[in-house]
2 protein chains.
Amino acid sequence: MHDYSVVIVDDHLLFAQALENLVNTFDNFKVLYQVNNGRELLTHLEKDEIAPDIALMDINMPVLNGIETMHMLNKDHPDIKVLALSMDDDEGTIIKMLRAGAKGYLLKDIHPQTFHGALNDVIHKGFYYSEKITSTVLSSLHKAEAPEVILKDREIEFLKLACTEKTYKEIAGDMFLSPKTIDGYRESLFEKLQVKSRVGLVLYAIKHDLYKI
Amino acid sequence: MHDYSVVIVDDHLLFAQALENLVNTFDNFKVLYQVNNGRELLTHLEKDEIAPDIALMDINMPVLNGIETMHMLNKDHPDIKVLALSMDDDEGTIIKMLRAGAKGYLLKDIHPQTFHGALNDVIHKGFYYSEKITSTVLSSLHKAEAPEVILKDREIEFLKLACTEKTYKEIAGDMFLSPKTIDGYRESLFEKLQVKSRVGLVLYAIKHDLYKI
DNA sequence: TTCAAAAAGGGGGATTTTCCCCACTTTACC
DNA sequence: GGTAAAGTGGGGAAAATCCCCCTTTTTGAA
């Protein structure tokens with residue numbers, strides 16, 4: 001029985017180093033090296049003959065993030081099993097990462113014992129899905145594939161202004177429209193975005209990054 | 001020369017375990033135990049005779065967070081040197097934590113070598129401030145001391161509900177208050193937070209992490 | 001201990017904003 | 001040339017905002 005090789009892709013140096021120590025205490029795994037982001041990983045893989053068995057990869061990284069990196073790996077190194085590792089339990093992120101081909105998704109608050117189990121699973125079964133991730137994925141299947149909301153430019157403009165303390169009357173002024181027209185935008189957005197009030201608009205805009213706080 | 005004792009207070013089990021391994025590789029430090037949040041730490045300290053030299057403490061924790069925990073430690077265990085450890089480089093958080101008595105503030109992307117240095121500094125010099133933290137603190141001195149907004153529990157409760165699509169009438173129901181009382185909260189918050197509308201409340205709450213999207 | 005101030009809960013009522021339904025024009029496009 | 005949108009608005013109801021008022025409880029300092 002030989003050791004399986006692991007690389008760590010994470011910009012949190014302290015965490016990465018600590019994680020390396022932890023992985024090295026597992027008797028059948030060995031960390032080859034750490035890199036700080038996806039770009040560095042790809043560079044490494046180009047130069048090295050030996051590819052790792054497993055990549056432990058953070059999702060939020062500078063330069064080249066987890067999801068982008070996954071897509072690159074699929075092309076050039078499909079044999080590397082990627083385990084995503086993140087603070088982020090956002091459903092969308094999880095789904096994207098798994099769809100991109102990650103063999104599992106670990107939240108950083110996972111128990112070390114479970115973590116070892118996850119590594120073993122990925123090697124022997126090819127994947128590891130925690131209970132939480134499984135239920136997230138399953139529940140996402142039930143939701144009718146949200147018909148993608150397409151917003152017109154003018155609607156987006158209005159939506160952004162709705163995220164300020166301006167009154168609709170002022171917004172109308174800013175957009176050179178009658179308050180009643182603005183009222184029309186408001187209403188059609190309520191329908192499109194499935195919200196019931198201006199607060200709903202604000203929350204939607206922030207959640208979808210249309211408005212930065 | 002004896003080993004200095006360290007406890008780790010972090011709800012990210014994987015990180016905590018990994019960190020423990022890392023600290024144990026430093027020849028003059030030894031991890032006593034880990035706990036998941038401030039409450040557990042306090043419980044531990046009550047029962048144990050031996051107090052640790054250093055507490056490595058995350059800030060965002062469930063149950064009892066870093067800042068609250070600091071305040072408790074000041075009362076009962078002023079000798080424990082606390083090193084805050086966080087992803088969060090938000091200026092307000094840093095200042096609050098240092099003002100609460102933390103001996104240093106580390107971002108989780110710190111280099112392991114530097115980390116060892118920080119531990120040593122805290123033991124021998126009594127504090128460790130990274131360059132980034134120093135400059136943050138210094139630059140904050142220039143800003144006119146924003147008179148700190150103190151929100152009462154009930155106000156915070158209302159503020160969170162104001163970030164939903166509920167009407168004030170519904171919020172009143174949820175809080176078992178008359179709509180008129182809710183109106184009072186709204187008005188006093190407008191004044192306190194210097195906003196002019198419910199949108200302003202929502203933006204304030206989100207910006208100050210009182211409401212998570 | 002006492003007295004005043006602040007906090008917490010609530011009210012009346014006027015004004016504005018927001019919300020919902022409906023209707024009219026103008027493009028745009030098949 | 002018809003039809004479907006986008007763009008524009010009106011009327012009226014409901015909600016939110018605002019300003020003034022009140023009582024009871026808690027707190028803080030003299």
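These numbers come from the heavy atoms of this one structure, side chains and all, not from hydrogens, waters or symmetry mates. Numbered from 1 within each chain, the chains take letters A, B, ... in sequence-line order.
In this structure, B:Leu161 atom CG and D:dA16 atom P are separated by 13 Å, rounded to whole Å. If you measure from atom CD of B:Glu170 to atom C1' of D:dA14, you get 13 Å, rounded to the nearest angstrom. Straight-line distance from the OH atom of A:Tyr185 to the C1' atom of D:dA5: 12 Å, rounded to whole Å. Atoms CE (A:Met175) and P (D:dG9) sit 12 Å apart, rounded to a whole Å. Put simply, CG on A:Leu193 is 13 Å from P on C:dC19, counting in whole angstrom units. For the pair A:Phe176 CZ and D:dG9 C1', the computed distance is 19 Å after rounding to whole Å. Rounded to a whole Å, the CG atom of B:Leu201 is 19 Å from the P atom of D:dA15. Straight-line distance from the NZ atom of B:Lys196 to the P atom of D:dA16: 19 Å, rounded to whole Å.
With 3.5 Å as the limit, one finds no donor-acceptor pair spanning the side chains of B:Asn37 and B:Asp58.
Note on A:Lys169: a side-chain N or O is less than 4.0 Å away from OP1 or OP2 of C:dT17. Look at B:Arg186 and you'll find a side-chain N or O under 4.0 angstrom from OP1 or OP2 of D:dC18. Between A:Tyr168 and the phosphate of C:dC19, there is a side-chain N or O to OP1/OP2 separation shorter than 4.0 Å.
Checked against the 6.0 Å centroid criterion, the rings of B:Tyr204 and B:His208 qualify as a close aromatic pair.
Applying side chain to side chain contact (heavy atoms under 4.5 Å, CB included) to A:Tyr105 and the options A:Leu83, A:Thr93, A:Ile95 leaves one that passes, A:Thr93.
The aromatic rings of B:Phe158 and B:Tyr168 lie tilted to each other, with the angle between the two planes from 30° to 60°. In this pair, B:Phe26 and B:Phe29 present their aromatic rings perpendicular. The plane angle is above 60°, beyond the 30 to 60° band.
You'll find the side chain of A:Gln17 reaches within 4.5 Å of the side chain of A:Asn21, heavy atoms only.
Taking a cutoff of 4.0 Å between a charged side-chain nitrogen and a carboxylate oxygen, B:Asp53 and B:Lys81 do not qualify as a salt bridge.
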Can you give me the N/O atom pairs linking the protein to nucleotides 11-15 of chain C at distances under 3.5 Å, or say none if there are none?
| residue | atom | partner | partner atom | Å |
| --- | --- | --- | --- | --- |
| C:dG11 | OP2 | B:Ser178 | OG | 2.8 |
| C:dG12 | N7 | B:Lys180 | NZ | 3.2 |
| C:dG12 | O6 | B:Lys180 | NZ | 2.8 |
| C:dG13 | O6 | B:Lys180 | NZ | 2.4 |

